[in-house]
Amino acid sequence: MTQTQPSSGFQQIDREGLVQRVAKLLSKAIVSGKLAPGARLSESVVARELGVSRAPVREAARLLESSGLVRSEPNRGFFVRQISIKALNDLYELRLAIETAVVERLVQNWNDEIEEALSAQVAELHRVATEEADIFTQVEADMQFHRLMCTGSDNPKFLQVFEQVAIETEFSIMLIGQLYDDPTRIAETHEPILEALRARDATKAVSAIRYHISEAQRIVIDQFRLLEEGKTST
């Protein structure tokens with residue numbers, strides 16, 4: 001009689017789950033600057049370092065291509081995408097369109113659970129607004145506030161699109177190094193949005209999110225332009 005082997009308690013990782021994990025690791029490496037714009041994404045090197053085959057790395061790279069972080073070249077492979085001013089403008093215009101619709105839905109769906117989640121995230125933004133916290137942590141906390149708004153809108157399509165633009169937004173901010181000289185400004189710029197939502201005032205909420213995203217767009221593009229001018233002058 002064949003004895004059944006006792007279960008180890010581990011859950012088997014399916015192929016899709018592995019690809020998603022590799023994609024997440026690669027996107028973090030790109031956003032944090034470990035993989036610089038224009039750098040070649042070597043499937044064999046990444047596969048060896050992660051201890052996986054090349055197939056999930058290739059599939060993960062395809063996912064990052066669809067999210068705008070990498071580009072592919074025939075017979076050459078994948079490369080970390082290089083940002084342009086036009087691409088940044090396009091990105092923030094898309095965010096503006098999505099998040100304007102999000103806050104309008106949030107005003108209609110507003111409840112104690114959403115308020116608690118957003119209030120806690122503003123508190124988290126203030127907590128990480130220190131000299132000791134790195135910019136990556138601060139930007140991730142920023143994106144989480146907007147992610148929670150999309151979740152609260154109860155429209156999964158908003159969240160789906162936001163997840164794509166969030167990665168590109170993080171990438172662009174990490175590329176320039178900072179948004180504000182004072183890190184507490186990141187937290188403070190979210191407070192008028194939350195106040196308007198608490199008041200369930202759609203007009204003020206839309207105005208607040210428009211100002212918030214438009215101001216971020218202006219700062220990112222101005223700093224990116226200075227960065228590019230510095231490169232060309234050296």
Val107 versus Ala205, closest heavy-atom pair with distance: CG2-CB, 4.2 Å

Closest contact, heavy atoms only, Glu65 versus Ser72: OE2-OG, 2.8 Å

For Glu104, salt bridge (Lys or Arg N to Asp or Glu O under 4.0 Å) partners two or more places apart: none

Salt bridge (Lys or Arg N to Asp or Glu O under 4.0 Å) involving Glu93 - partner list, sequence neighbours excluded: none

CA sep, side-chain torsions, deciding dist, call: Glu195, Asp201, side-chain contact (heavy atoms from CB on, under 4.5 Å): CA-CA 9 Å; Glu195 290 172 7; Asp201 188 323; over 6 Å; no

Contacts of type side chain to side chain contact (heavy atoms under 4.5 Å, CB included), residue Ala87, not counting sequence neighbours: Arg81, Ser84

Salt bridge (Lys or Arg N to Asp or Glu O under 4.0 Å): pairs with one or both residues in residues 117-129, sequence neighbours excluded: Glu124-Arg127

Side chain proximity check, Pro37 to Ile83, heavy atoms < 4.5 angstrom: no

Neighbour count >12 (heavy atoms, 6.0 Å) for atom CD, Glu116: no

Heavy-atom side-chain contact between Leu125 and His190 under 4.5 Å: yes

Nearest-0.5 Å distance, CD of residue Gln223 to CZ of residue Arg225: 12.0 Å

Contacts of His126 that satisfy ring-ring contact (aromatic ring centres under 6.0 Å, His included) - sequence neighbours left out: none

Min side-chain heavy-atom separation Glu59-Val22 under 4.5 Å: no

Heavy-atom closest pair, residues Thr189 and Ile193: O-CD1, 4.1 Å

Set of side chain to side chain contact (heavy atoms under 4.5 Å, CB included) partners for Ala29, sequence neighbours left out: Lys34, Leu35

Residues that Glu140 engages under salt bridge (Lys or Arg N to Asp or Glu O under 4.0 Å), provided they are two or more places apart: none

Salt bridge flag under 4.0 Å for residues Arg185 and Glu188: yes

Closest contact, heavy atoms only, Ala61 versus Leu41: CB-CD2, 4.1 Å

Under the side chain to side chain donor-acceptor pair (under 3.5 Å) test, residues paired with Ser44 that sit two or more places apart: Ser42

Single-linkage hydrophobic cluster, 4.5 Å side-chain cutoff, Ile213 and Ile186 together: yes

Pro56 side chain near Arg21 side chain, heavy-atom distance below 4.5 Å: no

Hphob cluster co-occupancy, Phe79 + Phe171, side-chain heavy atoms under 4.5 angstrom: no

OG-NE2 distance between Ser207 and His212, expressed to the nearest 0.5 angstrom: 13.0 Å

Evaluation steps, side-chain contact (heavy atoms from CB on, under 4.5 Å), between Leu94 and Ile98: CA-CA 6 Å; Leu94 178 58; Ile98 295 168; 3.8 Å; yes

Asn111: partners by side chain to side chain contact (heavy atoms under 4.5 Å, CB included), with sequence neighbours left out: Glu113, Ile114

Transitive ILVMFWY side-chain link Ile167 to Leu159, under 4.5 Å: no

Mutual orientation of the aromatic rings belonging to Phe162 and His146 [parallel < 30°, tilted 30-60°, perpendicular > 60°]: parallel

Nearest atoms (heavy-atom pairs only) where Arg105 meets Asp154: NH2-O, 3.6 Å

Distance in Å, Thr100 OG1 paired with Arg95 CZ, rounded so as to fall on 0.5 Å steps: 10.5 Å

Residues Lys28, Phe136; criterion side-chain contact (heavy atoms from CB on, under 4.5 Å); working and verdict: CA-CA 9 Å; Lys28 186 170 184 178; Phe136 185 73; 3.5 Å; yes

Any Met149 side-chain heavy atom under 4.5 Å of Ile209 side chain: yes

Between CD on residue Glu191 and CG on residue Leu118, distance to nearest 0.5 Å: 12.5 Å

Closest non-hydrogen atom pair between Ser27 and Leu64, with its separation: CB-CD2, 3.8 Å

Set of residues satisfying ring-ring contact (aromatic ring centres under 6.0 Å, His included) with respect to Phe224, sequence neighbours excluded: none

Stepwise side-chain contact (heavy atoms from CB on, under 4.5 Å) check, Gln217 with Leu88: CA-CA 8 Å; Gln217 178 181 11; Leu88 288 174; over 6 Å; no

Ionic contact status for Glu163 with Arg147, cut-off 4.0 Å: yes

Partner set under side chain to side chain donor-acceptor pair (under 3.5 Å) for Asn109, not counting sequence neighbours: none

Contacts of Arg198 that satisfy salt bridge (Lys or Arg N to Asp or Glu O under 4.0 Å) - sequence neighbours left out: Glu115

Hydrophobic cluster membership, Tyr92 vs Ile85, 4.5 Å side-chain cutoff: yes

Asp142 side, atom CG; Thr137 side, atom OG1 - distance, nearest 0.5 Å: 12.5 Å

